[in-house]
Amino acid sequence: MTPDELSRALVGVVAGLVEAGELTVPVPTAAPVERPRNPEHGDYASSIALQLAKPAGRPPREIAELVAAQLRAQTGVQRVDVAGPGFLNITLAADALGEVARAVVAAGPEYARGDALAGLHWNLEFVSANPTGPVTLASARWAAVGDALARILQAAGAEVTTEYYFNDHGAQIDRFARSLVAVAQGQPVPEDGYHGAYVEDVAQAVLAKEPDALAADDPQEIFRTLGVGMMFDAVRSSLAAFGVDFDVWFHEDDLHSSGRVGQAVDRLRAAGHVYDFEGAVWLRTTDFGDDKDRPLIRSTGQPAYFSGDVAYYLDKRERGADRVVIILGADHAGYVSRMKAMVAAFGDDPEVNLELIIGQLVNLIRDGQPVKMSKRAGSVLTLDDLVEAIGVDAARYALVRSSTDSTLEVDLDLWARKASENPVFYVQYAAVRAASIARGAAEMGLAMPASNDDVDVSLLTHPREQELLLALAELPRVVAAAAELREPHRLARYLEELLARSAQRFFDECRVLPRGDEEVTPTTYARLLLWQAVRIALVTGLGLLGVSAPERM
RNA sequence: GCGCCCGUAGCUCAGCGGAUAGAGCAGGUGCCUUCUAAGCACUUGGUCGCAGGUUCGAGUCCUGCCGGGCGCACCA
């Protein structure tokens, strides 16, 4: 019996009591089912009686007793106690709990899937850095989080399109091009230009391709086109090495050249939210809660950066996105109100159609000291540097395992270690042990029964087995919660603190394969089935985070 | 000054209104002729920043303070 099934059973019990006239309350759509912290409080606890007390106008313990009496009659429920102010402490029968292992193996990778977000099309944009330099450490966090979130939303039933928005239009690009030209001419980079060592590399690469570039009519245009193209390739290649690809690589320039920026502005003007002032065109975002109005077209006639955002949002909606999600760094927190206002100006609901995830920054620690970053000197730490230092799996896991609301410290020494104190190693090692046992069984010629239905899962009564089964039962709920809250770190924490930990403890206390002349028993098969379930859950869970689960290490 | 985020064990961090607040690291102590000890167990360590409020119940929600991070352009 899974927690979801138990929740439905509780709702059914309440409905029955209402129908029988023993309880007068609106029947809830779902009943809370939690894993109690204290194991003495059973496998699961429900506060349903506490929540019904008020609408029923009766003491919670009295309601709890009514529900408990009915719940005890359910198959799979071994014991129900009323505790404290009115909690129901529920213990499942061993066979009902053991069925979880069979269910996981039967479902395979589908076990983690749900349908909570089915029917909605999500557009998820992340990273979206200017093509004026390598992918930075901060962007790396959004690559890891965004990619994991996309996988998790899909696992929750959503249709997801991932997008990268190249800001390849406007002043920053011009500065980049001027920097390339300056370097190519052997002159110092302009004050407002780009100073990293890579600028030299790109400039040389442009010259290698177009040796006469500097003598052309418009050298800056050649350096702009070729240089930006090279940065596109560099960004895509860094992300690909990180295991991140996008469904759509969107170019800001397309919005301008195709006229969609103009169309979006016209549409807002027709809706009455645009005005002209001192030669510039403004969106009256203050009508929708912004601090000040924002320019769409500058008095120079050049479109302001914001106009691209406006047209891009409209474009996403017109391409079918019900929910537009954008992951941004904390340095863009100031954009939230104008973006929300723009959504409202289009007549959409800013609380529904646009979601901005503002994530905090990343700091690196090496030898116990912060790794210093100086953008000015160009010594910005990059995604490539991080991958080189600790590898893709550790990098992705480290970047995804904390709430995006918290600034993140990544201790390079810790994440490079091949030991259990390294969280990603710990989780992967649990999966390796599962694989190792399956290999051992195969080498012994130990074949599972023809059907998993013939495995007696009621034999899984050891405390470590029960703990592990309860952990396995949580996976679908954890994935659903991570999707609904847009918090992939919940899945990582579940994997290391609950699933892998339970598996390691199970490994330590419960021998599976027979030694020497020991007999193969029904328990052997039950445990092999349990390990199969664990491996599936770990591989699936790590997969949703974009982290591999090796067969051996 | 205004806005957003954070403040939980010595350190790094979990904890979508539930019972006696958790994990890893660091400190202390045990367990390897046994499926990978690349592991496990035990143990030390908390005024959940402070003060009010909401309610059956607050680390969690609200208000105000204190401390830290990031923003506050006709830049992108």
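All values reported here derive from a predicted model rather than from experimental measurement.
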Checking all strands, does A/D293 fall into the base, sugar-phosphate, or nothing category for heavy-atom contacts under 4.0 angstrom?
nothing
Minimum-distance nucleotide to A/I437 side chain [options: B/rC25, B/rC40, B/rC35]
B/rC35
A/R501 side chain N/O closer than 4.0 Å to the phosphate oxygens (OP1, OP2) of B/rA23?
no
CG-CZ distance between A/L460 and A/F506, expressed to the nearest 0.5 angstrom
7.0 Å
Among B/rU12, B/rC72, B/rC25, the nucleotide that comes nearest once only the side chain of A/E409 is considered:
B/rU12
Tell me the interatomic distance from A/H489, atom NE2, to B/rC6, atom C1', rounded to whole angstroms.
14 Å
When all nucleic acid strands are considered with a 4.0 Å heavy-atom cut-off, which category describes A/N130: base, sugar-phosphate, or nothing?
sugar-phosphate
From CG of A/L356 over to P of B/rC5, roughly how many Å is that when rounded to an integer?
13 Å
dist A/Y275:OH -> A/L268:CG (nearest 0.5 Å) comes out at 13.5 Å
Touch check for A/R552, heavy atoms < 4.0 angstrom, all strands: base, sugar-phosphate only, or nothing?
base
Answer with base, sugar-phosphate or nothing: what part of the nucleic acid does A/F507 contact at a heavy-atom distance below 4.0 Å?
base
Shortest side-chain distance from A/R505, nucleotide among B/rC16, B/rG18, B/rA41:
B/rA41
Looking only at side-chain N and O atoms, does A/N89 offer a donor or acceptor that is under 3.5 Å from a partner on A/H41?
no
Scan A/A53 against the nucleic acid and name what it touches under 4.0 Å (heavy atoms): base, sugar-phosphate only, or nothing.
nothing
Would you classify A/R490 as touching base, sugar-phosphate or nothing, given that sugar-phosphate means primed atoms plus P, OP1 and OP2, and contacts are heavy atoms under 4.0 Å?
base
Could you check whether A/R511 gets within reach of a base, just the sugar-phosphate, or nothing at all, counting any heavy atom under 4.0 Å?
base
Any strand: nucleotide that pairs with B/rU47 via Watson-Crick or wobble, under 3.5 Å:
none
Both distances under 3.5 Å, Watson-Crick or G-U wobble: report the partner of B/rA21, or none.
none
Quiz item: A/S299 side-chain donor-acceptor pair to B/rC74 base, under 3.5 Å:
yes
If pairing requires Watson-Crick or G-U wobble contacts with both distances under 3.5 Å, which nucleotide is the partner of B/rG1?
B/rC72
Base orientation of B/rC11, syn vs anti, 90° cut from 0
anti
Taking only the side-chain nitrogens and oxygens of A/R433, find out if one of them lies under 4.0 Å from OP1 or OP2 of B/rC35.
no
A/Y494 side-chain N/O to B/rC16 phosphate OP1/OP2 under 4.0 Å
no
Once you apply a heavy-atom cut-off of 4.0 Å, does A/S47 come out as touching a base, just sugar-phosphate, or nothing?
base
Carboxylate-amine/guanidinium proximity below 4.0 Å for A/E34 and A/R477
no
Base, sugar-phosphate, or nothing for A/S403, non-hydrogen atoms under 4.0 angstrom?
sugar-phosphate
CE of A/M444 versus P of B/rC35: gap in Å, rounded?
11 Å
With no angle test and no hydrogens, is the base of B/rA19 tied to the side chain of A/N89 by a donor-acceptor pair under 3.5 Å?
yes
Contact class for A/A280 vs. all strands (heavy atom < 4.0 Å): base, sugar-phosphate, or nothing?
base
Check: A/Q428/A/D393 side-chain N/O donor and acceptor closer than 3.5 Å:
yes
Answer with base, sugar-phosphate or nothing: what part of the nucleic acid does A/A171 contact at a heavy-atom distance below 4.0 Å?
sugar-phosphate
From CG of A/L491 over to P of B/rC16, roughly how many Å is that when rounded to an integer?
15 Å
For the residue pair A/Y305 / A/N167, report whether a side-chain donor-acceptor contact shorter than 3.5 Å exists.
yes
Base-pairing assignment for B/rG7 (Watson-Crick or G-U wobble, both under 3.5 Å):
B/rC66
Expressed as a whole number of angstroms, how long is the span from A/L408:CG to B/rC5:P?
18 Å
How many Å lie between CZ on A/F306 and P on B/rA73, as a whole number?
15 Å
Select base, sugar-phosphate, or nothing to describe what A/A83 touches, counting heavy atoms under 4.0 Å on all strands.
base
Just call it for A/V281: base, sugar-phosphate, or nothing, with non-hydrogen atoms closer than 4.0 Å on any strand.
nothing
Pairing partner (Watson-Crick or G-U wobble, both distances under 3.5 angstrom) of B/rC40
B/rG30
Residue A/D405, side-chain heavy atoms: nucleotide from B/rC35, B/rC40, B/rC6 that is nearest:
B/rC6
Is the base of B/rG18 stacked against the aromatic ring of A/F87, taking ring centres under 5.5 Å apart and planes under 30° as the test?
no
Between P of B/rC11 and CG of A/N363, the distance in whole Å
16 Å
Electrostatic pair A/R401:A/E496 at N-O distance under 4.0 angstrom:
yes
Nearest-0.5 Å distance that lies between atom CD1 in A/I90 and atom CG in A/D43:
9.0 Å
By the 4.0 Å heavy-atom rule, please label A/T407 as base, sugar-phosphate, or nothing.
sugar-phosphate
In whole angstroms, the gap separating P of B/rC16 from CD of A/E34 amounts to 9 Å
Return the nearest nucleotide to the side chain of A/P295; candidates are B/rC6, B/rC74, B/rG71.
B/rC74
Would you please determine if the base of B/rG71 is stacked by A/H332, with stacking meaning a centroid separation under 5.5 angstrom and planes under 30 degrees?
no
Is the distance from OP1 or OP2 of B/rC56 to the nearest side-chain N or O of A/R61 less than 4.0 Å?
no
Pairing partner of B/rC61 (Watson-Crick or G-U wobble, both distances under 3.5 Å)
B/rG53
Check ion pair A/D276-A/R269 (N to O, under 4.0 angstrom)
yes
Indicate, yes or no, whether a donor-acceptor pair under 3.5 Å links the base of B/rC74 to the side chain of A/E278.
yes
OP1, OP2 of B/rC56 versus side-chain N and O of A/K54: anything below 4.0 Å?
yes
